[in-house]
Amino acid sequence: MRSLSVDKPEQKVAFRGGGFTFQSRRWVGFLVFIMLLLLAEWGTRSGVISPLTLPKPTDVFQIFVELYSSGLLFQHLIPSLLRLLVGAALGASLGIAVGLLIGLFSFVRAGLLPLVAAIFPIPKIALLPLFVIWFGIDEGSKYALIAFGTFTPTVVATFAAVDNVDRTLIRMGQSFGLSWVSIVRKIVLPGAMPGILAGLRISLAIAIILLVAAEMLGAEFGIGAYILQAGSLYDLERLFAGVVILSVLGVLVSAVIGAVERRLLDWRT
Amino acid sequence: MELRLSGVGHSYAGREVLRGVDLEVPEGQIVCIVGPSGCGKSTLLRMMGGLEVPAEGEVLQVGHSPEGCLNPLTFIFQDFALLPWRSVAGNVSLVLEDHPIARAERREMVADVLARTRLTEFVDALPRQLSGGMKQRVAIARALVVRPAVMLMDEPLSALDSQTRELLMDDLVNLWVRQPFTAVYVTHNLAEAVRLGHRIVVLSRRPGEVREVIQLDKPLAERGYGDAELEAQQKHLWDLMRAEAAAADAELVGG
């Protein structure tokens, strides 16, 4: 038998199963970010990028330091955060409630689903004048706009998530004689949680966009107002400082949801 | 408690799946229902547990439930149906939480049933950490904790590999020997049927009718792996079913 392998060419089987898998590489994101910043800094310093095209990153940083030390940062940030918090909390909680109702009752579904489909594509910013008439020029209309904007995507995500809850688990609950409330609270709601949280990621990003829009259309303080002021003066450093705040806000919101997911969804792999 | 089915028939969207099924499930015995795929055996089981209403005929429960019984008709599902977000203990205690039982007593009941199913060391594990066999043992524990009058098992071992299946069959036999329970056991696996059934009901292919009822008198505890007598029974069952199974297999799905 051994003689069989003699004189025949031997070759190692080449590995070809690499790639197409996801690996966690956190530092790459930072690296790309820092590289871009360095590139911008080098470009603006050397004159390759004119100061009218892009502000110098260090200048933008300088603006931040000024904003912070003058106390102006919090004067703009706190009203914005409050609006975001109130508006998004209202919209998301109402959205989850209505989404659950649509998911659980076919009557509600038949009645409300067309309505949700009808208001989903409306650009909510277009409704701001209406909200100003309804809820007043100050905070009320801003809360309403943000709440309305987060409401519809949350509804859609929630009822889709309820639809996706494993029916065999619900049958199991029924077969053990669990009450309706128990089935909803202990089976439907936790089962829908992954979908609801995924929907919240989108809804909250929309909330930030609408926050800025609302503040641009009538606010003395707030990040939107700050960006609008800077923009109309073509003060690019300040404009960028405002934009950076928004990005950081987005990253923070996403991190908060990530933390909530890790806590609530630790049962997933 | 006994179950009695008389003249049960059912159809889905104009397609008859069950026709005139008469069946009796005597107390303290395991009745196995075998039949080719699509013969309506799972539908029959769901009707016995009140998860579906027969279009014709009726399902009766005869006699009283045993004392302390919380859920007379209790299912064990093929895909386990465990809540993935609850631990082993949480999954078992779920079915007690709607009953007025003191917290301490509930905990005791859960601990007791987990000990009986030899799951004590896995109390805090989540379903995803368990093997298929372990998951089904948790589901069995969950069914036992409500002290059922009749256990309705829908192909409980079909999702498991053959070795795990043997182990779990031994577990079920041991549980029955220690404390005889009434059960309906739906399966397409004839080996399981002859190991666990006191009575085996053979259904024909769709529309499912009772073709034959076989009584096995050998005590469960004496039946073992590779038992010649059981093999003969199994062969007899297979001869009964062979043509039906082949015909059922050749049918167009949903067509």
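Throughout, protein chains are lettered first and strands after them, A, B, ... in sequence-line order, and every chain is numbered starting at 1.
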Any donor-acceptor N or O pair under 3.5 Å, side chains Thr168(A), Asp166(A):
yes
Answer key: most heavy-atom pairs under 4.5 Å with chain A among Thr74(B), Asp79(B), Leu82(B), Val95(B) is Val95(B)
Side chains of Phe176(A) and Arg142(B) in contact at under 4.5 Å (non-hydrogen atoms):
yes
Are any of the side-chain heavy atoms of Thr117(B) and Phe122(B) separated by less than 4.5 Å? no
Nearest heavy-atom contact between Gly177(A) and Asp98(B) is O-OD2, 4.5 Å
Turns out that what part of Leu70(B) lies under 4.5 Å from chain A's heavy atoms comes down to neither
Turns out that what part of Leu152(B) lies under 4.5 Å from chain A's heavy atoms comes down to neither
If one checks every heavy atom of Val146(B) against chain A at 4.5 Å, the contacting part turns out to be side chain
| message | Is a donor from one side chain sitting under 3.5 angstrom from an acceptor on the other, for Ser80(A) and Glu215(A)? | response | yes
Honestly, the part of Phe77(B) sitting under 4.5 Å from a heavy atom of chain A is side chain
